[in-house]
Engineer: 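Here it is, the structure in full.
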Amino acid sequence: GENVEQHPSTLSVQEGDSAVIKCTYSDSASNYFPWYKQELGKRPQLIIDIRSNVGEKKDQRIAVTLNKTAKHFSLHITETQPEDSAVYFCASIWYSGGGADGLTFGKGTHLIIQP
Amino acid sequence: KAGVTQTPRYLIKTRGQQVTLSCSPISGHRSVSWYQQTPGQGLQFLFEYFSETQRNKGNFPGRFSGRQFSNSRSEMNVSTLELGDSALYLCASRYGDEQFFGPGTRLTVL
């Protein structure tokens with residue numbers, strides 16, 4: 001099955017600096033890669049996603065890049081703010097027979113924004 | 001549109017009991033996936049239902065089961081609870097590839 005590795009597990013950055021979280025996946029057939037943000041005690045929220053037909057996608061201070069050859073994708077947050085503090089999960093879609101599919105998640109990165 | 005709802009939000013059970021959790025997806029979404037979230041294992045896929053049929057199942061024992069009704073609402077059941085079943089159980093409403101999570105049910109097994 002699909003395996004998703006996420007690094008680092010904890011990331012501490014100064015407010016205003018950039019943060020980068022990296023993920024690798026194993027299934028070359030994967031073509032959808034979402035990122036979720038989970039604040040303490042809350043549900044995971046989809047913040048951005050990318051499909052395999054593009055190499056980069058941006059949404060304000062958040063961007064995601066994808067390298068299909070190397071099977072890795074990254075989340076970039078610029079000008080970090082205190083409200084960016086949360087756990088971030090990457091995920092990759094996997095496919096099984098009969099058209100069924102699902103998401104495999106990385107273990108998560110705890111992003112801490114230092115004032 | 002209303003978001004994904006889950007009931008109950010919190011549950012305390014003892015070992016050996018069984019539990020049923022409920023999930024109502026976003027209106028118009030026909031697919032519901034269930035995940036178990038624990039500090040050690042992260043988010044793990046349990047199963048997915050689409051149009052009342054289980055379409056996929058993760059690597060969990062048969063004590064974990066689910067079903068989906070004609071209105072797309074889904075339930076999951078865990079029988080013979082073990083201490084290790086303590087976790088946050090999340091359901092996700094799916095439309096295409098995008099999945100939107102509910103607030104979860106925090107299950108504590110004593």
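Chain letters run A, B, ... following the sequence lines, proteins first and then strands; every chain starts at 1.
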Engineer: Would you indicate whether B:R15, at its atom CZ, is surrounded by more than 12 heavy atoms from other residues, nucleotides or ligands within a distance under 6.0 Å?
Structural biologist: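 No, the 6.0 Å shell around CZ holds no more than 12 heavy atoms from other groups.
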Engineer: In terms of heavy-atom proximity below 4.5 Å to chain B, should A:P34 be classed as side chain, backbone, both, or neither?
Structural biologist: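 For A:P34, there is no contact with chain B at all, as no heavy atom is under 4.5 Å.
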Engineer: Which residues, numbered in order, of residues 66-95 of chain B come under 4.5 angstrom of chain A by heavy-atom distance?
Structural biologist: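 Heavy-atom contacts from residues 66-95 of chain B to chain A are B:L88, B:L90, B:R94.
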Engineer: What parts of residues 34-44 of chain B touch chain A if we use heavy atoms and a cut-off under 4.5 Å?
Structural biologist: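 From residues 34-44 of chain B, the residues near chain A are B:Y35, B:Q37, B:G40, B:Q41, B:L43.
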Engineer: Could you tell me which non-hydrogen atom of B:D97 sits nearest to which non-hydrogen atom of A:Y32, and how far apart they are?
Structural biologist: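 Minimum heavy-atom separation between B:D97 and A:Y32: O-CE2, 3.3 Å.
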Engineer: Among residues two or more places apart or on two chains, list those pairs meeting salt bridge (Lys or Arg N to Asp or Glu O under 4.0 Å) that have a residue in residues 18-45 of chain A.
Structural biologist: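 Pairs touching residues 18-45 of chain A that pass the test: none.
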Engineer: Examine A:I77 and A:V20 and state if one hydrophobic cluster contains both, with Ile, Leu, Val, Met, Phe, Trp and Tyr joined whenever side-chain heavy atoms are less than 4.5 Å apart.
Structural biologist: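 In one cluster with A:I77: A:V20, no.
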Engineer: Within a strict 4.5 Å, meaning less than it, do heavy atoms of the B:Q99 and A:Y36 side chains meet?
Structural biologist: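 Sidechains of A:Y36 and B:Q99: in contact.
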Engineer: Can you get from B:F47 to B:F50 by hopping between Ile, Leu, Val, Met, Phe, Trp and Tyr side chains that sit under 4.5 Å apart?
Structural biologist: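 No, it is not one cluster - the side chains of B:F47 and B:F50 are not joined through contacts under 4.5 Å.
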Engineer: Check whether A:L46 and A:F73 end up in the same hydrophobic cluster, where Ile, Leu, Val, Met, Phe, Trp and Tyr are linked by side-chain heavy atoms less than 4.5 Å apart.
Structural biologist: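 No; A:F73 is not reachable from A:L46 via cluster members.
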Engineer: Starting from A:L75, can I reach A:L11 by hopping between I/L/V/M/F/W/Y residues whose side chains sit under 4.5 Å apart?
Structural biologist: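 Same cluster.
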Engineer: Are A:F33 and A:F89 grouped together when hydrophobic residues (ILVMFWY) are joined by side-chain heavy atoms under 4.5 angstrom apart?
Structural biologist: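 A:F33 and A:F89: separate clusters.
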Engineer: Considering residues, nucleotides and ligands other than A:Q60, do more than 12 of their heavy atoms fall under 6.0 Å from its CD?
Structural biologist: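 No.
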Engineer: For A:E79, does the CD atom sit with more than 12 other heavy atoms under 6.0 Å from it, leaving out its own atoms?
Structural biologist: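 Incorrect, the count does not exceed 12.
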Engineer: Can you tell me how far apart CD (B:E98) and CG (A:L103) are? Round to the nearest 0.5 Å.
Structural biologist: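 Reported value, rounded in 0.5 Å steps: 11.0 Å.
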Engineer: Check whether A:Q38 gets within reach of chain B through its side chain, its backbone, both or neither, counting any heavy atom under 4.5 Å.
Structural biologist: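 For A:Q38, the contact with chain B is made by the side chain alone.
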Engineer: Sort by residue number and list every member of residues 102-110 of chain B having a non-hydrogen atom under 4.5 Å from chain A.
Structural biologist: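 Residues B:G102, B:P103 are the ones that qualify, each having a heavy atom under 4.5 Å from chain A.
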